[in-house]
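Notes follow the structure.
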There are 2 protein chains.
Amino acid sequence: MREEASESMQDYLKNIYLIIRERGGSVSTSELAKKMRVSPPTVTSMLVKLGERKFVKYEKYKGVKLAKKGEIIALEVLRHHRLIETYLVEHLDYDWSEVHEEADILEHHISEKMELRIANALGNPKFDPHGAPIPSADLSSIAKDETTRLGEHISGDIVVIERVREREKEELQYLARIGMVPGKQVEVESVAPFGMVTLTNENGTHSLPKEIAMSIHVKKI
Amino acid sequence: MREEASESMQDYLKNIYLIIRERGGSVSTSELAKKMRVSPPTVTSMLVKLGERKFVKYEKYKGVKLAKKGEIIALEVLRHHRLIETYLVEHLDYDWSEVHEEADILEHHISEKMELRIANALGNPKFDPHGAPIPSADLSSIAKDETTRLGEHISGDIVVIERVREREKEELQYLARIGMVPGKQVEVESVAPFGMVTLTNENGTHSLPKEIAMSIHVKKI
DNA sequence: TAACTTTATTAGGCCTGTCTAAATATATAT
DNA sequence: ATATATATTTAGACAGGCCTAATAAAGTTA
């Protein structure tokens, strides 16, 4: 299936999927352009192409959504991405904060056979090292997100970190260093009006900009 | 270093290296075209480009050789290829006859970090599962080939298979099935003038076309 | 060595994915 | 409701890597 779309197309489909899964609705040209680091006209022409090939539903000036075919490809690529991340951490001694770039490339280049072998070697995991759900082998299901964002919580809430979304490697390394990793417990100290959240965990007290706090998925306890 | 050449360029450099290492001299346009399954004009234009960028020494109508820069890239890609093949066999349960295609793609896409991790996980091997030598991490050395070809031997010679060169997967699988794999002992029964070699190993007696026999590297005992 | 065959190069075109500049549609604010 | 600002699309160009058809060089043979 994935072979029907070029590497670049796979990337567009994956990113459309990720944005929509994140907050629903449809994706605008500029949003996608920013996420993929290309110019808006490049996005427009790609969306036209993806629309013609029935990977997406695209209407001029109205944004884009995935069609069934496109969603399958997005899930396939995402499964590869997250299995690779998991494999790198479990078997090749990578830190969870540094696997993203490698997976972003390799996700397009492993065979179905390799996907299977990796999944077996890992015991068919359902979540990757960031805590993100891995689509099932038949791409029919992906664990539902039951989490809230750390940035949505209010002073006094005590939460457990479930996952940390993909961001720049440096940001993830910083978060790892201050103990903001999946599985850890955190208390919200205060939420400042100008977008700063102060937290306490076993390492002490830290402040994070709201944008970062929104990338940390948690469960209240 | 490898990043200076596109994926396609890396492939040309690797194949030039392999052909020259095989039999010395320089490589002709048509030979490269055949090996890479592209048309001769495509090769010509690529050689011009590689020449301009000082990856190869190319003179019109005179064939091509690698320049220092090109050889380094070829060795880097080859190291990746052979480490990946080894890794797939040792850690992901692949058979040695089916690793080539996967490695041919992934060799261009793993990072330096991943190369290192894979090499460490394997204990820095010097040979891949086909018996082919793996260039050293600094690309300064590659085990010299001390073998002869099975197809060069005469009736009565007893040899041990050292390696089996990369060929179509189906051919390698056939060879594996009849026990023609690295480490096994073989006796040359007869060599027919029309290019057929008859051999006996622990599995019985088999005949192979000379072309295939030339792909099997051995040591006489 | 002249004729012929084989090999290689030049010429010109195509597709993909990208870009910038210009034009146009939509959204916002007065 | 109109003017302005922002988002998006259209137009046109370019580089990379491939192709086929035509031409030219090299190699071979009578």
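Every chain is numbered from 1 and lettered A, B, ... according to where its sequence line falls, protein lines coming before strand lines.
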Salt-bridge test for A/Arg79 and A/Asp138: reply yes if a basic N is under 4.0 Å from a carboxylate O, no otherwise. no
Euclidean distance, atom NZ of residue B/Lys49 to atom P of D/dC18 [Å, nearest integer]: 8 Å
Taking the basic N atoms (NZ, or NE/NH1/NH2) and the acidic carboxylate oxygens, is any pair closer than 4.0 Å for A/Arg53 and A/Glu4? no
Over all strands shown, is B/Ser8 touching base, sugar-phosphate only, or nothing at heavy-atom distances under 4.0 angstrom? sugar-phosphate
A/Ser39 side chain N/O closer than 4.0 Å to the phosphate oxygens (OP1, OP2) of C/dT18? no
B/Glu22 vs B/Arg149, test: salt bridge (Lys or Arg N to Asp or Glu O under 4.0 Å). Steps then yes/no. CA-CA 11 Å; B/Glu22 178 72 26; B/Arg149 321 297 185 74; 2.9 Å; yes
Nearest heavy-atom pair of B/Ile105 and B/His109: which atoms, and what distance? O-CD2, 3.1 Å
Atom-pair distance (CD on A/Glu52; P on C/dC15), nearest Å: 13 Å
Counting only side-chain N and O atoms of B/Ser6, is one of them less than 4.0 Å from OP1 or OP2 of D/dG16? no
Listed nucleotide nearest any side-chain atom of B/Met9, set C/dT18, D/dC19, D/dG17: D/dG17
Which nucleotide in the set D/dG16, C/dC19, C/dG17 lies at the smallest distance from any side-chain heavy atom of B/Arg53? D/dG16
Could you run down nucleotides 2-12 of chain D 5' to 3' and tag each one B, S or - for protein heavy-atom contact under 4.0 Å? ------SBB--
Start with the C-alpha gap between B/His80 and B/His108, add the side-chain angles, then the distance that decides, and say whether ring pair (Phe, Tyr, Trp, His ring centres under 6.0 Å) holds. CA-CA 8 Å; B/His80 287 183; B/His108 304 293; 8.8 Å; no
Lys/Arg N to Asp/Glu carboxylate O, B/Arg82 vs B/Glu107, below 4.0 Å: no
B/Met36 CE to D/dG17 P: how many Å, rounded? 11 Å
Could A/Arg21 and A/Glu71 be called an ion pair, given the rule that one side-chain N must be under 4.0 Å from one carboxylate O? no
Take atom CZ of B/Arg37 and atom C1' of D/dG17, then tell me their distance rounded to the nearest Å. 18 Å
Report the distance from atom CG of A/Leu32 to atom P of C/dT18, rounded to the nearest whole Å. 11 Å
What integer distance in Å separates A/Gln10:CD from C/dT16:C1'? 14 Å
